[in-house]
**Student:** 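First, the structure itself, so that you have it in front of you.
Just so you know, ligand 1 is whichever comes first in the structure, and atom 1 is the first atom listed for that ligand. As a basis for the values below, the full set of heavy atoms in this structure was taken, side chains included, without hydrogen atoms, waters or symmetry mates.
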Amino acid sequence: MFNDLLPRIQDALENGGGNPGESLKKACEILQEEVPHYDWVGFYFRNGEKEELKLGPYAGDPTDHTVIPFGKGICGQVAVSNSNFVVPDVSAQDNYIACSIHVKSEIVIPIFVDGANIGQIDIDSHHVDPFSKDDEAFLEAICSRVSKLLVEAGISDPSSQLS
Ligand code: SME
């Protein structure tokens, strides 16, 4: 499944009509529609120089968590750890921000530009323990393509420049 999806995501990222925000939203929509265990898919980006994340393009139910301080929740922890975070069962996490009672698990993969952690892709699932190493490799590949798109589009602060 992931082998077939990666070229579609790449195409969405490269052919978004020159609007990187639209391209990222399209990528979220494809992921949410096509991967059965991806129920909410979104990007968070560092808010300028502030130690907080701001919600970017996403697909799924609207969330109240449009700003997340560094260190808070799964997303905020990835902002400081610079590492993938796979949570098979969110009920086992103390430092977790609940978005919906239906969410059972979560995966967050950081996005790097020139070695700096500038944001992340965040995926919620309604299934317990659905994520494998294949998900991580797939999402890492997407994150490096997102990084390339941002660099090529000259976007240095995605939190304010994506529309
Ligand atoms: N659960 C996340 C918050 C963001 S929502 O999943 C959209 C967290 O703990 O950081």
**Student:** For Cys99 and ligand 1, does the shortest N/O to N/O distance drop below 3.5 Å?
**Tutor:** no

**Student:** Which ligand 1 atoms does Trp40 reach within 4.0 Å, using its non-hydrogen atoms?
**Tutor:** 7 (C)

**Student:** Return yes if some donor-acceptor pair links the side-chain N/O of Arg8 with the main-chain N/O of Asp4 below 3.5 Å, else return no.
**Tutor:** no

**Student:** Within ligand 1, which atoms have a heavy atom of Asp122 less than 4.0 Å away?
**Tutor:** 4 (C), 5 (S), 6 (O), 7 (C)

**Student:** Does one hydrophobic cluster hold both Leu53 and Val80, with members joined at side-chain heavy-atom distances below 4.5 Å?
**Tutor:** yes

**Student:** Mark the output for Tyr58 as yes if a heavy-atom distance to ligand 1 is under 4.0 Å, and as no if none is.
**Tutor:** no

**Student:** Among Val103, Asp64, Thr63, Ile74, which residue places a heavy atom closest to atom 8 (C) of ligand 1?
**Tutor:** Ile74

**Student:** Please determine whether the number of non-hydrogen atoms from other residues, nucleotides or ligands lying under 6.0 Å from atom CG of Asn15 exceeds 12.
**Tutor:** yes

**Student:** Begin from the C-alpha positions of Tyr44 and His65 and carry the test ring pair (Phe, Tyr, Trp, His ring centres under 6.0 Å) through to its verdict.
**Tutor:** CA-CA 10 Å; Tyr44 282 94; His65 304 111; 8.8 Å; no

**Student:** Determine whether a donor-acceptor pair (N or O, by modelled atom type, separation under 3.5 Å) exists between the side chain of Gln77 and the backbone of Gly73.
**Tutor:** yes

**Student:** Polar-atom distance check: Cys75 versus ligand 1, any N or O pair below 3.5 Å?
**Tutor:** yes

**Student:** Take Asp124 and His102, measure what side-chain hydrogen bond (donor to acceptor under 3.5 Å, both in side chains) needs, and give me the verdict at the end.
**Tutor:** CA-CA 9 Å; Asp124 288 341; His102 303 296; over 6 Å; no

**Student:** For ligand 1 and Ala98, I'd like to know whether there is a polar contact (N/O to N/O, distance under 3.5 Å).
**Tutor:** no

**Student:** As an exercise, identify every atom of ligand 1 less than 4.0 angstrom from a heavy atom of Tyr44.
**Tutor:** 4 (C), 7 (C)

**Student:** Give yes or no for whether the N/O distance cutoff of 3.5 Å, strictly under, is met between Asp124 and ligand 1.
**Tutor:** yes

**Student:** If we ignore hydrogens and angles and just use 3.5 Å, is the side chain of Thr63 paired with the main-chain N or O of Cys99 as donor and acceptor?
**Tutor:** no

**Student:** Does Glu106, backbone or side chain, put an N or O under 3.5 Å from an N or O of ligand 1?
**Tutor:** yes

**Student:** For Asp11, does the CG atom sit with more than 12 other heavy atoms under 6.0 Å from it, leaving out its own atoms?
**Tutor:** yes

**Student:** Nearest heavy atom to atom 3 (C) of ligand 1: which of Leu53, Val108, Leu55, Ile97 does it belong to?
**Tutor:** Ile97

